[in-house]
Amino acid sequence: MSPTESTTADVPFLNVLDPAFDFSGPEAMAAQEQSWYADSPIGLLVLRHEEAQELLRDRRLDHNGRGFMEQSGVVNGPIYDWFVPMINNHDGESHRRLRGLVSKAFTPRMVSEVQPFVRAEAERMADEMAATGTCEFVASFADPLPLAVMCKLLGVPNADYDTFRVWTNDIGLVFAMVHGGDIVARVEKAVVGLNGYISALMEEKADNPRDDLISTLVTAQRTEGTVSEEELRNLLVTLVFAAHDTTCHQLSNAMVTFSEHPDQWELLAQRPGLAAPAVEELIRWVPSTPIIYRCAAEDFEYRGLKVTKGAFMTMCVQTAQRDPRVFDRGDTFDITRANPASPLLFGAGPHYCLGAPLARTEIAEALPALAERLEPPVIAGEVSWRPPTGIRGPNELPLRFPARTR
């Protein structure tokens with residue numbers, strides 16, 4: 001699919017489908033210096049911060065879930081039936097209606113109430129890691145912490161954690177299906193499993209409501225009638241992967257970054273009050289969602305570029321968040337930085353991520369719990385990575401960090 005009517009030989013080309021491609025690598029940054037956009041196998045890439053921020057708010061762009069599925073080679077089946085009507089792919093009144101229901105649960109009070117649980121879990125897991133000195137970080141911390149938080153919020157029984165974990169990890173690969181292999185099969189299995197599980201949980205909560213998110217939303221859905229049961233199930237499946245997978249990989253990305261910048265880890269250990277700015281800097285430096293896509297809902301012109309209806313425009317979040325036009329020393333990781341612009345990771349405008357405060361809270365509680373107990377992390381084995389165009393992070397992360405002497 002040609003992304004625009006005016007792509008020329010002067011525009012950089014980036015092969016983002018190469019498994020080794022890095023949105024913060026020299027090739028991407030050189031392209032950013034040359035132009036605000038580049039061409040790619042998946043369409044136009046927006047490389048600079050100002051343009052990405054503007055386009056994320058541009059009403060001439062939408063999400064076009066159907067088009068995204070077709071670009072990924074999926075034209076029917078369970079994945080298609082879940083993804084196309086997803087809340088992210090709605091705009092206008094339809095989006096406001098669905099978001100209005102979810103916002104009843106994702107409140108500042110909810111985040112405040114769950115924070116002590118997050119802290120206790122993070123400290124418990126960090127203590128276990130300090131006792132051994134080595135770990136596979138994804139399995140020992142990055143995966144179970146957001147999973148435990150999500151399950152507590154949803155009201156998922158502890159006994160179901162392991163089954164739930166596989167589904168919630170694999171469903172996040174939906175944005176990487178264009179890479180092929182077994183990804184589509186894994187996503188489909190996760191969608192089918194989560195649909196069935198969430199349906200059963202909705203019925204249970206309707207009969208025996210408790211103090212959890214699913215009970216709250218089921219009660220609201222049945223009382224207010226603003227969304228259908230099928231729409232609520234779709235919302236809950238979407239919340240599951242949004243609340244778990246992205247935070248899991250953000251935590252893992254953080255440890256890779258601190259292994260490369262041990263001085264910043266020591267600074268955090270000495271000054272735990274830097275946890276909040278450290279979270280913002282990690283989100284800027286290594287976002288677990290390195291790209292956000294949009295689709296042209298109409299023909300239009302932007303900064304001299306003619307964009308045709310149906311063309312996909314991908315905001316390169318990680319590239320844009322190192323843009324030297326916005327970030328002084330943007331190529332430097334510094335947890336004391338006062339960032340001059342909001343992160344692109346959580347989107348913008350009506351689609352700004354409702355779960356952003358919860359994700360920030362989880363990471364802000366995790367970092368000091370780890371830094372207080374452990375020396376700077378050292379990568380202790382081979383690391384493989386998820387594809388660059390989906391939710392990005394290590395599949396496994398063997399680490400060594402001796403316990404601190406108290």
Side-chain angles (χ1 to χ4, degrees), residues 12 14 16 20-38 45-53 56 137 142 246-247 249-292 315-346 348 356 359-360 363-364 366-368 370-372 374-379 383 385 388 391-394 397 399 401:
L14 298 174
V16 298
F21 183 80
D22 182 355
F23 280 98
S24 63
E27 185 182 12
M29 302 314 295
Q32 182 192 71
E33 178 62 26
Q34 180 181 344
S35 171
W36 66 265
Y37 70 95
L45 308 175
V46 181
L47 304 174
R48 296 180 183 170
H49 192 279
E50 182 179 352
E51 288 82 353
Q53 192 170 59
L56 282 172
F137 186 77
T246 51
T247 305
H249 290 293
Q250 192 64 63
L251 286 165
S252 296
N253 290 344
M255 289 303 105
V256 173
T257 299
F258 280 120
S259 75
E260 298 166 344
H261 300 87
D263 59 317
Q264 296 292 297
W265 182 265
E266 293 292 8
L267 184 59
L268 178 62
Q270 296 161 13
R271 299 169 57 187
L274 287 173
V279 172
E280 298 308 303
E281 180 67 347
L282 286 162
I283 288 171
R284 182 191 74 86
W285 185 253
V286 280
S288 59
T289 305
I291 63 171
I292 300 174
M315 316 304 148
C316 297
V317 171
Q318 186 169 12
T319 313
Q321 290 182 168
R322 299 194 187 192
D323 188 345
R325 295 156 193 81
V326 176
F327 301 95
D328 183 37
R329 299 182 303 111
D331 59 351
T332 301
F333 177 68
D334 178 6
I335 65 170
T336 68
R337 179 193 303 273
N339 281 316
S342 299
L344 301 172
L345 169 72
F346 297 118
R360 284 184 164 110
I363 301 167
L367 293 179
L370 291 164
E372 177 187 344
L374 302 162
E375 296 286 348
V378 177
I379 296 178
V383 179
W385 290 78
I391 296 172
R392 177 74 163 167
L397 184 59
L399 293 180
F401 28 20

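All of these numbers come straight from a predicted model, not from anything done at the bench.
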Residue pair L367, V279: steps toward the side chain to side chain contact (heavy atoms under 4.5 Å, CB included) verdict: CA-CA 8 Å; L367 293 179; V279 172; 4.2 Å; yes
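- Counting heavy atoms from C-beta outward, Q53 and M315 have side chains that stay 4.5 Å or more apart.
- Across P290 and P388, no two heavy atoms sit closer than the pair CG-O, 3.4 Å.
- Here F21 pairs with F23 under the ring-ring contact (aromatic ring centres under 6.0 Å, His included) rule; sequence neighbours left out.
- Using a 4.5 Å heavy-atom cutoff, the side chains of Q250 and L345 are in contact.
- In this structure R284 satisfies the side chain to side chain contact (heavy atoms under 4.5 Å, CB included) test together with E281, Q321, R322, F327, R337, N339, sequence neighbours excluded.
- Contact check for H49 versus P340: no side-chain heavy atoms found under the 4.5 Å cut-off.
- Using cut-offs of 30° and 60° for the angle between ring planes, the F333 and F258 rings count as perpendicular.
- Screening E33, E50, E51 for a salt bridge (charged side-chain N to carboxylate O under 4.0 Å, His left out) with R325, the sole residue that qualifies is E33.
- Counting only residues at least two apart or in different chains, salt bridge (Lys or Arg N to Asp or Glu O under 4.0 Å) contacts with residues 258-274 comprise E266-R404.
- At least one side-chain heavy atom of P324 sits under 4.5 Å from a side-chain heavy atom of Q32.
- Summarising the geometry, atom CH2 belonging to W265 is positioned 11.0 Å from atom OG1 belonging to T257; distances are rounded to the nearest 0.5 Å.
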Side chain to side chain contact (heavy atoms under 4.5 Å, CB included) between I291 and V16, intermediate numbers included: CA-CA 11 Å; I291 63 171; V16 298; over 6 Å; no
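- A distance of 8.5 Å separates CE of M255 from CG of L397, quoted to the nearest 0.5 Å.
- Atom OG1 in T336 sits 12.0 Å away from atom CG in L268 (nearest 0.5 Å).
- Shown here for L45 and C316, the closest heavy-atom pair between the two residues is CB-SG, 3.7 Å.
- The CD atom of Q318 lies 6.0 Å from the CG atom of D22; values are rounded to the nearest 0.5 Å.
- Residues P376 and F401 approach most closely at O-CB, 3.7 Å, considering heavy atoms.
- A heavy-atom distance below 4.5 Å is found between the side chains of L47 and L14.
- Rounding to the nearest 0.5 Å gives a distance of 10.5 Å between CG of L344 and OG1 of T319.
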Side chain to side chain contact (heavy atoms under 4.5 Å, CB included) between W385 and N253, intermediate numbers included: CA-CA 10 Å; W385 290 78; N253 290 344; 3.5 Å; yes
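- Of all the heavy atoms in S35 and P12, the pair that sits closest is CB-CD, 3.9 Å.
- Summarising the geometry of S24 relative to M29, their closest heavy-atom pair is O-CG, 3.7 Å, with the distance given to 0.1 Å.
- Rounded to the nearest 0.5 angstrom, L399 CG and S252 OG are separated by 8.5 Å.
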